[in-house]
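Chain letters run A, B, ... following the sequence lines, proteins first and then strands; every chain starts at 1. If you're wondering where the values come from, they're calculated on a predicted model, not measured in any experiment.
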There are 2 protein chains.
Amino acid sequence: MSGRGTRSDRAVATQQSILAAAEQLFAEHGVANVSNRQIGLAAGQGNNTAVSYHFGSRSGLIRAIVRAHTEQIESIRLRMVEQAEGSTATRDWVACMVEPFALHLADLGVPSWFARFSAQVMSDPSHREAVARESLNSPSLTRAVEEVHRCLPDLPEEIRLERQDMTRQLMIHMIAEREDALANGRPTSRGSWHRAAAGLTDAVTGLWSAPVSTGASDMVPEGAVTGGP
Amino acid sequence: MSGRGTRSDRAVATQQSILAAAEQLFAEHGVANVSNRQIGLAAGQGNNTAVSYHFGSRSGLIRAIVRAHTEQIESIRLRMVEQAEGSTATRDWVACMVEPFALHLADLGVPSWFARFSAQVMSDPSHREAVARESLNSPSLTRAVEEVHRCLPDLPEEIRLERQDMTRQLMIHMIAEREDALANGRPTSRGSWHRAAAGLTDAVTGLWSAPVSTGASDMVPEGAVTGGP
DNA sequence: AGCGAATTAAGTCAAGCGCATGACTTAGTT
DNA sequence: AACTAAGTCATGCGCTTGACTTAATTCGCT
């Protein structure tokens, strides 16, 4: 609806200050605890209709925030996928799934808000779906997932989907937690986003490599089945 | 002050119908999207101040919901810890960390709301901390964590804490996702909560068992994209 | 130079919110 | 039977919110 690229600079500038203000307020106070008025005000707009004027609806605003970041994340992932080309190591492709998000935050600097925003939106029933579509339709991500499957051909389809979900949840919420620590001056476990991403990749790789236990003992685990490590 | 457990039967019944109504509404529409008025109304109270009368504040209500479930989860976990006694298998103790939550939901039947409620509260900056204290001060959980550490003595402290966080995030959000699927009639990956718990335990055990990569290869995708506009 | 659409400002409005208050209902005590 | 107090109800107040209206301003285009 609103002029995408071809309108005045003023409108574009306003839209971006609204995006920035919304992202920050959402991350710090919770998506549902921030009104459109507050966002417009924080963006320096005198009008209480600024958000609805520029983004139509609240979910339009949220989708716009996601889109603004998704492009850059996608470009990072594309580069990583190219570098991983030909590899048969699970870890390389897991890294392609998980690390671009973290490295994007490294680019953003401190403080950032996008990870906390994402974590909230993903667990809010009213917005999760809209954003999931926006964010998961990534060609490079699909590619990385396929390659991970190729590295682990014995995994049943059911388990694959399950562990894909786990990967997504872990990525989003762990990164959000670290962002929160950074933004609030709490000590962080790893020295940099790059190292944090490595830790995440380690763990997720282990997650994918875990043996699938047979459902033999259907009682409460007295002596749980297959060995772990 | 007042709020004793056994004033009159009527009050206790009212409190519990408020708890039930709040839990359901919170899970379905988001914690911040439901007003105290709506909760009281849904609980069959003609008064709009019922919530504040019985629970003081909104965070009092939320803590009460958590407490109501935590006790039962704790008792399940205690039983599992007893059964795992003496084991040196990582998987047994990971199961003690992760499965009681899932098995509690099995007890609740379908539909349930507590998992979705928990996931939301945990990612809402205004309530996360209050609930984390309530929920993580569990002796049996602490015990399970210690035993996992004993099974993996070579893991650096830093990595332990990191993977403990991961375990928590994975448990809460995966269980919430399955609850959501069950409640909305979507197909679920595993046939029962018990099997779902096994899958979760498999993955988390793999996560803990993953090797820790040395930070040797520092081949970051250099020069990621430049910052903002 | 100035017309016209896009953008911003200013203000109104009904609805909904939490909170405070006082009256009513009910159960238990004496 | 009178008294007390917990619980419930009905109502009003001050405030915020999103939607809406109207006027002023900006800026691209001719």
Side-chain angles (χ1 to χ4, degrees), chain A residues 1-26 28-65 120-121 124 126-127 130, chain B residues 1-22 24-26 28-65 120-121 124 126-127 130 229:
Chain A
M1 300 302 183
S2 60
R4 204 76 253 271
T6 57
R7 272 308 161 201
S8 72
D9 291 347
R10 188 168 47 127
V12 173
T14 302
Q15 286 176 5
Q16 282 182 342
S17 66
I18 290 178
L19 286 175
E23 186 178 306
Q24 173 170 0
L25 290 173
F26 284 162
E28 287 175 345
H29 304 108
V31 174
N33 295 315
V34 177
S35 67
N36 287 356
R37 283 173 112 103
Q38 291 174 303
I39 295 169
L41 198 68
Q45 295 296 299
N47 190 349
N48 60 31
T49 323
V51 168
S52 109
Y53 178 81
H54 286 283
F55 298 97
S57 64
R58 166 161 279 238
S59 104
L61 170 61
I62 290 176
R63 268 181 279 116
I65 296 176
Q120 281 180 48
V121 164
D124 184 332
S126 18
H127 301 298
Chain B
M1 304 295 181
S2 52
R4 297 308 281 170
T6 52
R7 271 292 168 232
S8 81
D9 291 348
R10 192 163 45 129
V12 173
T14 301
Q15 286 174 6
Q16 281 180 343
S17 66
I18 289 178
L19 285 175
Q24 174 170 359
L25 290 173
F26 284 162
E28 288 175 344
H29 304 109
V31 173
N33 295 314
V34 177
S35 68
N36 287 356
R37 286 169 114 102
Q38 290 174 303
I39 295 169
L41 198 68
Q45 296 296 300
N47 192 355
N48 57 31
T49 52
V51 168
S52 108
Y53 178 82
H54 285 284
F55 298 96
S57 64
R58 165 160 279 236
S59 105
L61 170 62
I62 289 176
R63 269 181 278 117
I65 296 177
Q120 280 180 50
V121 165
D124 183 334
S126 18
H127 301 298

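- Contacts of A/T49 classified as side chain to side chain donor-acceptor pair (under 3.5 Å), with partners at least two apart in sequence or in another chain: A/N47.
- B/I39 places its CD1 atom 12 Å from the P atom of C/dC19, with the value rounded to the nearest Å.
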Any protein N or O atoms within reach of nucleotides 14-20 of chain D? Criterion: under 3.5 Å, listing atom names and distances.
unit_1	atom_1	unit_2	atom_2	d
D/dT17	OP1	A/S35	OG	2.9
D/dG18	OP1	A/N36	N	3.1
D/dG18	OP2	A/N36	N	3.2
D/dG18	OP2	A/R37	N	3.3
D/dG18	N7	A/R37	NH1	2.4
D/dG18	O6	A/R37	NH1	2.8
D/dA19	N6	A/N48	ND2	3.1
D/dC20	N4	A/N48	OD1	3.2
D/dC20	N4	A/T49	OG1	2.8

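- Between the C1' atom of C/dA6 and the CD atom of A/Q15 lies a distance of 12 Å, rounded to the nearest Å.
- Axis angle, first five pairs versus last five pairs of the helix from C/dA1-D/dT30 to C/dT30-D/dA1: 10°, rounded to 10°.
- Look at CD on B/Q16: it is 14 Å from P on D/dG7, rounded to the nearest Å.
- No donor-acceptor pair under 3.5 Å is formed between the side chain of B/Q45 and the backbone N or O of B/A50.
- Across the protein-nucleic acid pair, B/L41 atom CG and D/dC9 atom C1' stand 13 Å apart, rounded to whole Å.
- Between B/R58 and B/V31 the shortest side-chain heavy-atom distance falls below 4.5 Å.
- Residues A/F55 and A/R63 are not in side-chain contact: their nearest non-hydrogen atoms beyond the backbone lie 4.5 Å or more apart.
- In this structure, the OH atom of A/Y53 is 14 Å from the C1' atom of D/dA24, given to the nearest Å.
- Side-chain contact between B/I39 and B/L61: present, with at least one pair of heavy atoms (C-beta onward) separated by less than 4.5 Å.
- By the side chain to side chain donor-acceptor pair (under 3.5 Å) test, A/E23 is found to be paired with A/H69, residues two or more places apart in sequence or in another chain being considered.
- For A/R37, there are no side chain to side chain donor-acceptor pair (under 3.5 Å) partners at least two apart in sequence or on another chain.
- Taking B/Q38 as the reference, B/S35 meet the side chain to side chain donor-acceptor pair (under 3.5 Å) condition, with sequence neighbours excluded.
- Taking side-chain N and O atoms only, B/H54 has a distance below 4.0 Å to OP1 or OP2 of D/dT8.
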